[in-house]
Amino acid sequence: MESKDRKILFNEVAAPGCFRLGLEWRSAEVTPGQFVMVRVSDGLDPLLRRPFGVYGVHGGRGKNPLKGNVVELLYKVVGKGTRILSARERNESVNVLGPLGNGFPEAGKDEKVIMVGGGMGIVPFLMLAKKLGDGLLLYGARGKSEAALAKDFKGTACRVKVSTVDGSVGAKGLVTELLEREITKDSVVYACGPVGMLKAATKVAAAAGVRCHVSLERSMACGIGVCLGCAVRAKTHGERENRNYMMVCSEGPVFDSEDIDWELL
Amino acid sequence: MESKDRKILFNEVAAPGCFRLGLEWRSAEVTPGQFVMVRVSDGLDPLLRRPFGVYGVHGGRGKNPLKGNVVELLYKVVGKGTRILSARERNESVNVLGPLGNGFPEAGKDEKVIMVGGGMGIVPFLMLAKKLGDGLLLYGARGKSEAALAKDFKGTACRVKVSTVDGSVGAKGLVTELLEREITKDSVVYACGPVGMLKAATKVAAAAGVRCHVSLERSMACGIGVCLGCAVRAKTHGERENRNYMMVCSEGPVFDSEDIDWELL
Amino acid sequence: MGTTVEKNTGERLPVEIAGIRFQNPVMTASGTFGYGSEFAPYTDLNRLGAVVVKGLSLKPRQGNPGPRIVETPCGMLNAIGLQNVGVEAFIKEKLPYLRKYSTRVIANIFGETMEDYSEVARMLDGVEGVAALEVNISCPNVKKGGIVFGTDPFEAAKVVMAVKKSTRLPVITKLSPNVTDIKVMVRAVEDAGSDAVSIINTLTGMVVDVEKRRPALATVTGGLSGPAIRPVAVRMVWEARKVARTPIIGVGGIMEAKDALEFIIAGATAVQVGTASFIDPNAAVKVAEGIAEYVERHGTTVSKLVGSLEV
Amino acid sequence: MGTTVEKNTGERLPVEIAGIRFQNPVMTASGTFGYGSEFAPYTDLNRLGAVVVKGLSLKPRQGNPGPRIVETPCGMLNAIGLQNVGVEAFIKEKLPYLRKYSTRVIANIFGETMEDYSEVARMLDGVEGVAALEVNISCPNVKKGGIVFGTDPFEAAKVVMAVKKSTRLPVITKLSPNVTDIKVMVRAVEDAGSDAVSIINTLTGMVVDVEKRRPALATVTGGLSGPAIRPVAVRMVWEARKVARTPIIGVGGIMEAKDALEFIIAGATAVQVGTASFIDPNAAVKVAEGIAEYVERHGTTVSKLVGSLEV
Ligand SMILES: Cc1cc2nc3c(=O)[nH]c(=O)nc-3n(C[C@H](O)[C@H](O)[C@H](O)COP(=O)(O)OP(=O)(O)OC[C@H]3O[C@@H](n4cnc5c(N)ncnc54)[C@H](O)[C@@H]3O)c2cc1C
Ligand SMILES: Cc1cc2nc3c(=O)[nH]c(=O)nc-3n(C[C@H](O)[C@H](O)[C@H](O)COP(=O)(O)OP(=O)(O)OC[C@H]3O[C@@H](n4cnc5c(N)ncnc54)[C@H](O)[C@@H]3O)c2cc1C
Ligand SMILES: Cc1cc2nc3c(=O)[nH]c(=O)nc-3n(C[C@H](O)[C@H](O)[C@H](O)COP(=O)(O)O)c2cc1C
Ligand SMILES: Cc1cc2nc3c(=O)[nH]c(=O)nc-3n(C[C@H](O)[C@H](O)[C@H](O)COP(=O)(O)O)c2cc1C
Ligand code: FES
Ligand code: FES
């Protein structure tokens with residue numbers, strides 16, 4: 001929970017249009033699923049910080065995958081802010097606020113974790129896989145080059161199954177179809193990706209009668225729960241009376257999928 | 001008169017806080033005293049282009065110093081726009097509009113040219129010196145490191161006398177005091193620099209009864225005479241009736257100092 | 001709403017305003033494109049929907065002392081003071097050049113009194129090559145202690161009536177955004193006979209030079225333009241659309257086609273590109289190209305897009 | 001004008017508004033600083049002139065559906081819908097934390113009816129740790145078909161009178177910029193008993209998602225804030241200064257000390273930092289530091305700078 005200038009250690013292509021950004025970070029400690037808010041330039045345009053999940057923490061003593069002195073982000077160039085970020089050079093600094101948000105909750109003793117990542121939704125799962133020491137990642141990649149990111153999971157004990165819509169790599173079809181095949185009664189589902197995918201994952205989990213935690217994205221201004229800009233509607237009314245909105249940045253980005261009013265998302 | 005992306009060939013420190021920017025430019029042809037408008041970044045902040053005089057044109061055939069395929073600018077970092085420009089790298093492109101403006105007029109056959117440059121006001125005179133093949137440059141530098149720019153005139157047949165306010169290099173005092181000493185009845189004065197210096201040069205020239213041409217700076221939006229933002233007041237009313245303002249970008253930046261209403265500048 | 005879909009020709013870009021057909025919906029904004037000729041070296045005037053020229057007054061005007069402009073975050077302030085060659089010199093010296101192009105010419109006019117407005121309008125009536133008048137009402141009424149015509153619905157209506165009486169040309173009224181309710185202004189000028197409205201002129205703003213403790217502009221306040229004001233302009237077009245019976249021309253902070261499309265979808269039949277032309281003299285043509293690409297890609301026409309916002 | 005130069009102490013930064021002394025002129029803007037505690041990890045609350053908390057209503061409010069924010073050129077639009085915990089929870093759960101700090105706390109309040117405003121004001125009257133009320137009048141009056149209190153001088157005056165009757169606390173009225181003449185609003189609320197004015201709240205704006213042809217915000221329009229609006233805000237402060245008899249608090253697009261000084265020199269006794277706190281949670285303290293550096297360098301005091309613009 002700091003706002004600091006962080007030196008860029010590397011900012012290199014990970015896949016076409018997709019970059020790895022390494023930030024010097026004295027004693028970082030991150031929970032898988034947390035994010036940071038990056039000020040991509042000192043100018044006034046773009047004005048707001050941009051949120052990115054943490055892809056990895058390196059350089060820690062004792063190989064704790066959640067601690068270290070390098071924080072790595074993985075981001076895709078989709079607009080002005082990410083384009084500017086991708087042009088930033090090694091040894092320059094960017095101001096970073098974070099780590100922020102809750103991250104994924106611990107899995108129960110008997111629960112088998114299935115991670116479902118779509119596109120850049122793969123980001124939180126590399127750390128989670130390292131932490132778990134096992135688990136299954138179902139990765140819906142947009143194509144061959146994105147699918148190559150699965151290589152990053154080689155060093156983990158996590159099994160990876162890839163799907164692509166066109167079948168160019170792995171199974172042909174939606175990643176949630178993979179989920180349907182893999183899910184069992186003792187699964188717990190952790191999902192991150194486009195809203196459509198999260199909705200589908202929620203349904204599959206509900207049908208199997210297991211818990212599902214999803215990481216949501218909303219436009220954010222502050223990242224710390226004060227602008228109230230990143231609200232999503234909560235489903236559970238009774239308990240949360242007069243408080244139907246939850247803030248993705250401070251109460252999430254990870255939510256129990258049952259708490260979310262999917263109709264209104 | 002074009003608006004084009006130009007490749008940056010070099011962008012290097014010329015003196016502390018001062019940069020040389022080389023732009024690839026197919027068949028450039030520039031009159032000494034002309035300027036260009038540079039879009040320092042593609043973003044919206046800063047929004048407007050920034051004006052810079054042309055310091056040199058290189059690589060022309062037949063050694064014509066006004067033609068070539070590299071346009072060199074010399075600029076000082078004073079604010080946001082110049083700071084961003086100074087961070088642009090070789091092989092990147094910047095959009096440049098120009099060359100613009102009138103440039104310095106030809107000197108009369110019997111006139112001996114004295115150029116008076118204050119600070120970055122030295123910029124137009126390197127090309128002018130090369131074109132003239134002789135002449136005298138009086139250069140009021142802000143200090144030792146800026147005075148070092150005078151070295152660039154070594155290859156020309158132009159004599160250079162430097163003054164600094166603190167006397168650290170050359171004569172101690174104002175450059176217009178040098179002018180008072182050097183001016184003769186057959187001089188013509190070309191001046192570029194801060195308004196105070198231009199006013200003083202105008203007075204010295206008037207006292208000596210010789211012509212004085214000054215290059216002015218105003219905030220500019222368009223650079224091509226349409227926004228009417230860069231107006232200066234003309235002194236000569238009769239002839240210019242109902243048209244008391246002159247546009248620095250399109251009617252200047254070089255004016256006969258007698259045409260300018262200095263009181264209102 | 002004055003907008004005809006060009007079904008028969010199958011063309012996607014043309015729009016119609018007050019009975020005039022424009023080959024595409026992109027115009028230049030007054031005061032940002034000179035008298036057109038200045039841009040000929042940089043852009044193809046024939047590819048614009050219309051050129052709106054610098055505001056014309058009865059007599060030539062010298063404008064304000066400097067500094068006249070200052071940059072602001074994503075915008076600029078100007079206090080040019082409506083410097084222009086006057087309507088007579090425009091007709092004699094500037095218009096002949098523009099007649100060489102197939103692009104429509106709209107004459108932007110203003111005055112300091114009702115009589116000024118009438119007189120300028122009369123002088124442009126029947127002049128070959130002028131397609132319409134755009135009446136800038138964001139000017140102080142010197143007879144009423146400098147109150148701006150465009151912030152008072154009664155004064156605004158009177159100006160429009162005066163102009164309408166003096167010309168057979170279609171009259172577009174250019175509204176000021178410095179008002180509590182743009183809808184009131186739209187109704188007032190439409191009731192007075194205005195054939196279309198341009199929304200918006202500049203917002204009034206000010207910059208202080210804190211080291212000198214003086215205003216950055218000689219006139220203290222000036223007009224704010226550029227992308228900074230776009231959200232305000234789009235909102236006003238959308239509000240105006242709810243009551244307007246005549247076409248709206250959207251203006252304010254358009255830098256690229258996407259920005260222009262915001263206005264069109266919110267309810268503008270055409271758009272004007274202003275400050276962007278200072279940054280890129282070819283900006284307006286690029287906006288037109290981008291709109292062409294968009295309507296092609298979406299299999300639609302500009303006319304169908306107008307006001308197509310789903311709320 | 002309510003501003004006392006602290007001559008005897010020799011301090012350069014303190015200002016006085018409505019009889020309250022603030023240790024420096026930098027406050028946080030309502031809705032951009034939560035209830036204060038959220039910023040404690042990032043900044044030193046004790047170094048602020050005041051914390052103005054998120055707008056409070058009689059009952060807790062849930063706010064608008066999303067999307068609630070969208071970025072704009074050098075600014076942002078928000079349509080939070082005034083989500084807040086309600087005045088009761090504020091007093092019980094939020095205020096005790098803020099009492100630990102020496103910094104003044106100003107409670108920003110709003111309502112949908114006159115009665116709402118009165119009631120909230122009454123509930124805050126005499127509550128320890130609340131230094132003043134800031135009344136947000138940029139809200140729709142549900143009893144009058146949603147017309148915004150703050151764009152009608154009569155309604156605005158009525159709100160201020162209602163609040164004044166219900167509290168002994170100093171009342172600061174926060175004005176809307178979406179008006180033709182800010183001076184009329186200043187006079188109206190001052191005549192109604194307002195002890196100071198905050199200028200400005202957000203400008204109404206709108207962004208269209210052109211690919212979806214839908215508004216970017218669920219509520220269609222929202223409030224524009226950030227550096228884009230600063231020139232408009234500074235201008236309104238300067239205009240207001242000409243007629244105001246009470247102190248002005250300048251708000252709108254302040255990112256750094258230089259920006260705050262524009263407001264002060266134009267006539268504001270204090271300033272509020274809003275959107276900037278989202279980008280840098282320590283922004284307000286940095287602004288205060290920069291102002292301290294400036295007054296030191298210029299050998300002056302903030303009070304002397306107020307309205308010192310030479311025109
Ligand atoms: C908690 C959180 C974690 C994220 N983690 C990652 C990550 O690890 N890697 C990564 O590449 N991206 C991540 N994102 C998305 C990332 O923040 C956006 O892609 C980025 O802000 C876009 O900025 P831009 O200026 O390039 O695009 P803009 O110019 O702002 O927008 C370009 C396009 O991207 C869309 N967009 C903008 N913001 C978002 C957003 N927040 N979510 C989805 N789409 C958006 C816009 O609608 C538009 O279509 C995350 C978002 C959130 C909220
Ligand atoms: C015709 C012309 C030719 C010029 N040639 C050169 C040149 O060859 N080399 C060079 O270094 N500079 C030159 N300048 C000045 C240069 O344009 C400014 O220094 C530059 O625009 C500042 O941009 P910025 O964003 O860095 O500063 P800003 O952030 O815009 O301003 C920073 C400071 O610089 C001052 N400033 C801004 N614009 C100007 C200006 N046009 N003139 C003087 N001061 C200004 C501001 O008042 C402020 O104090 C020229 C200006 C003109 C009009
Ligand atoms: C330098 C300048 C001069 C202008 N002159 C006029 C004018 O003469 N008449 C007029 O109606 N509008 C004038 N305008 C307003 C523009 O036509 C336009 O309404 C405004 O700038 C908003 O559009 P933009 O943000 O695209 O620039 C002027 C604007 C600028 C920046
Ligand atoms: C997200 C957000 C929420 C706001 N909420 C309130 C509010 O509850 N009450 C209020 O009076 N103003 C509110 N404002 C307006 C700000 O206090 C301020 O007047 C405005 O944002 C302009 O200042 P800025 O440009 O520094 O942000 C809010 C602004 C933003 C951006
Ligand atoms: S981003 Fe501001 S509350 Fe979540
Ligand atoms: S800069 Fe536009 S007229 Fe000179």
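Every chain is numbered from 1, with letters handed out A, B, ... down the list of sequences. Just so we're clear, the structure is a prediction, and the values are computed from it rather than from any experiment.
- Counting only distance, with no hydrogens or angles, the side chain of Arg39(B) and the backbone of Ile279(C) share no donor-acceptor pair below 3.5 Å.
- No other option in Thr275(C), Val70(C), Asn78(C), Asn64(C) has as many heavy-atom pairs under 4.5 Å with chain B as Asn64(C).
- Residue Lys203(B) qualifies as open at atom NZ: its count of foreign heavy atoms under 6.0 Å is 12 or below.
- Neither the backbone nor the side chain of Met37(B) has a heavy atom closer than 4.5 Å to any heavy atom of chain C.
- Using a cutoff of 4.0 Å between basic side-chain nitrogens and carboxylate oxygens, Glu71(C) and Lys80(B) are not scored as salt-bridged.
- Heavy atoms of Phe39(C) lying under 4.5 Å from chain B belong exclusively to its side chain.
- Environment of CD in Glu211(C): crowded, with over 12 heavy atoms of neighbouring residues, nucleotides or ligands closer than 6.0 Å.
- Between chain B and the options Pro67(C), Ala228(C), Pro65(C), the largest number of non-hydrogen pairs under 4.5 Å is found for Pro65(C).
- Rounded to the nearest 0.5 angstrom, Asp280(C) CG and Cys222(B) SG are separated by 13.0 Å.
- For Glu88(C), the CD atom is loosely surrounded, since the number of other residues' heavy atoms within 6.0 Å does not exceed 12.
- Cys227(B) approaches Phe278(C) most closely through the heavy-atom pair CB-CZ, 3.3 Å.
- Nearest heavy-atom pair across Arg68(C) and Gly229(B) is CB-O, 3.5 Å.
- When every heavy atom of Met255(C) is checked against every heavy atom of Leu47(B), the shortest pair comes out as CE-CD1, 3.9 Å.
- In this structure, Lys54(C) and Leu228(B) have side chains that are in contact, with non-hydrogen atoms separated by less than 4.5 Å.
- Under a cut-off of 6.0 angstrom, the local environment of NZ in Lys59(C) is sparse, with at most 12 non-hydrogen atoms contributed by other residues, nucleotides or ligands.
- Side-chain atoms of Leu44(B) and Pro227(C), non-hydrogen and from C-beta on, do get closer than 4.5 Å to each other.
- Only the side chain of Pro281(C) comes within contact range of chain B, with heavy atoms under 4.5 Å apart.
- With a 6.0 Å radius and a threshold of 12 heavy atoms from other residues, nucleotides or ligands, Arg99(C) has its CZ atom above the threshold.
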